[in-house]
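Throughout, numbering of the chain's residues begins at 1 and tracks the sequence. Owing to the predicted nature of the structure, the values given are computational and were not obtained by experimental measurement.
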Amino acid sequence: MKSILIVEDIAETRRWLSEIAAEAFPGCVVEEAASMRTGIARVASVDFDMAMIDLGLPDGSGLEVLRNLRLVRPETVCVVTTVMGDDAHIVAALSAGADGYLLKEQPEDLLARQLRQLAQGIPALTPSIARRIMEHFRYTGPAADAEDELTSRETQVLAMIGRGLRNAEVAADMKIAESTVAGYIKTIYRKLGISSRAEAAWHAARMGLVAPRK
Ligand code: CA
């Protein structure tokens with residue numbers, strides 16, 4: 001990893017992350033961006049080896065930087081470095097193509113080690129997050145079984161909510177009542193063992209129902 005971009009709005013945290021990057025990759029060139037717009041502009045003009053991206057930025061979400069990166073620089077290793085460890089953010093980042101999701105509360109030496117790991121092509125997750133993802137699969141059971149149970153109409157609804165459509169839009173598209181859509185969604189949630197739109201989107205992407213954001 002010779003060139004690294006750090007997208008982070010807090011100056012102190014930027015410096016701290018730069019030091020960790022320098023520790024992980026001695027001699028690397030670190031460039032910093034303090035906003036979403038600057039981050040997007042930098043990835044458009046420079047081919048970074050790695051990008052460390054914060055999610056909460058003053059002018060928007062780091063996810064936008066991540067999506068742009070995936071679009072224009074598929075080779076860049078992307079890692080989200082954030083304080084937000086909730087399921088919705090994790091699912092959104094992973095489905096947007098993040099190679100890693102690291103919480104900034106982690107010890108420095110672990111962060112440096114995980115950055116080196118990412119450089120070797122090994123995905124990196126903060127241990128507590130890796131455990132949560134494993135737990136998710138423990139409770140949802142084998143995905144193949146759940147998939148087989150969805151009817152073609154349910155699959156159709158899942159594909160549409162996976163693309164971010166609201167119930168009313170799904171109803172209009174399928175020419176059915178909104179309450180029928182709600183009924184389909186309830187059944188889909190039960191069959192997949194999920195409870196949120198973010199998880200539904202994740203399953204839709206996993207089942208190839210929505211085009212991956214690349
Ligand atoms: Ca922030």
Contact summary for [X] and [Y], nearest pair of heavy atoms:
{"X": "G39", "Y": "V65", "answer": "C-CG1, 4.1 Å"}
{"X": "L66", "Y": "C78", "answer": "CD1-CB, 3.4 Å"}
{"X": "V210", "Y": "G162", "answer": "CG1-C, 3.9 Å"}
{"X": "D9", "Y": "P58", "answer": "CB-CD, 3.4 Å"}
{"X": "D86", "Y": "H89", "answer": "OD1-ND1, 2.7 Å"}
{"X": "L209", "Y": "A159", "answer": "CB-CB, 3.9 Å"}

Original post:
In the hydrophobic cluster built from side-chain contacts under 4.5 Å, what are the other members alongside L111?
Top reply: M1, I4, I6, W16, L17, I20, F25, V30, M50, M52, V77, V79, L102, L115, L118
Original post:
Which ILVMFWY residues are connected to V29, directly or by a chain of links, through side-chain heavy atoms under 4.5 Å apart?
Top reply: none
**OP:** Could you list the residues that satisfy salt bridge (charged side-chain N to carboxylate O under 4.0 Å, His left out) with E23, not counting sequence neighbours?
**Re:** none
Original post:
R14: what forms a salt bridge (charged side-chain N to carboxylate O under 4.0 Å, His left out) with it, not counting sequence neighbours?
Top reply: E32
**OP:** Would you mind listing every salt bridge (Lys or Arg N to Asp or Glu O under 4.0 Å) that reaches into residues 119-128, with sequence neighbours excluded?
**Re:** none
Original post:
What salt bridge (Lys or Arg N to Asp or Glu O under 4.0 Å) pairs are there with at least one residue in residues 107-132, not counting sequence neighbours?
Top reply: D87-R132
Subject >> Single-linkage hydrophobic cluster, 4.5 Å side-chain cutoff, L69 and V46 together >> reply: yes
Original post:
Do V7 and I10 share a hydrophobic cluster (ILVMFWY, side-chain heavy atoms under 4.5 Å, transitive)?
Top reply: no
side-chain hydrogen bond (donor to acceptor under 3.5 Å, both in side chains) partners for [X], two or more places apart:
{"X": "S3", "answer": "none"}
{"X": "Q106", "answer": "Q114, T126"}
{"X": "S61", "answer": "none"}
{"X": "E19", "answer": "none"}

Subject >> I133 side chain near L94 side chain, heavy-atom distance below 4.5 Å >> reply: yes
Subject >> I53 side chain reached by T81 side chain, heavy atoms, under 4.5 Å >> reply: no
Reported [atom1]-to-[atom2] distance for the pair [X] and [Y], which is rounded to 0.5 angstrom:
{"X": "L55", "Y": "L63", "atom1": "CG", "atom2": "CG", "value": "5.0 Å"}
{"X": "T82", "Y": "E8", "atom1": "OG1", "atom2": "CD", "value": "8.5 Å"}
{"X": "L5", "Y": "T76", "atom1": "CG", "atom2": "OG1", "value": "9.0 Å"}
{"X": "Y101", "Y": "L125", "atom1": "OH", "atom2": "CG", "value": "10.0 Å"}
{"X": "R190", "Y": "S195", "atom1": "CZ", "atom2": "OG", "value": "14.5 Å"}
{"X": "Q117", "Y": "I122", "atom1": "CD", "atom2": "CD1", "value": "5.0 Å"}

Subject >> side-chain contact (heavy atoms from CB on, under 4.5 Å) between L150 and L158, worked out >> reply: CA-CA 9 Å; L150 289 190; L158 177 62; 3.8 Å; yes
Subject >> Heavy atoms of other groups near R37 CZ, more than 12 under 6.0 Å >> reply: no
Original post:
Is there a donor in the side chain of T38 and an acceptor in the side chain of S35, or the other way round, less than 3.5 Å apart?
Top reply: yes
Original post:
Going through the distances and angles, do R67 and E64 end up as a side-chain contact (heavy atoms from CB on, under 4.5 Å)?
Top reply: CA-CA 5 Å; R67 290 189 186 115; E64 291 306 317; 2.7 Å; yes
Original post:
If you look only at pairs with a residue in residues 45-54, which of them pass as a side chain to side chain donor-acceptor pair (under 3.5 Å), with sequence neighbours excluded?
Top reply: R42-S45, D54-K104
**OP:** Can you tell me which residue pairs pass the side chain to side chain donor-acceptor pair (under 3.5 Å) test with a partner in residues 164-189, sequence neighbours excluded?
**Re:** N167-R197
Original post:
Do any N or O atoms from the side chain of D99 and from the backbone of P123 form a donor-acceptor pair under 3.5 angstrom?
Top reply: no
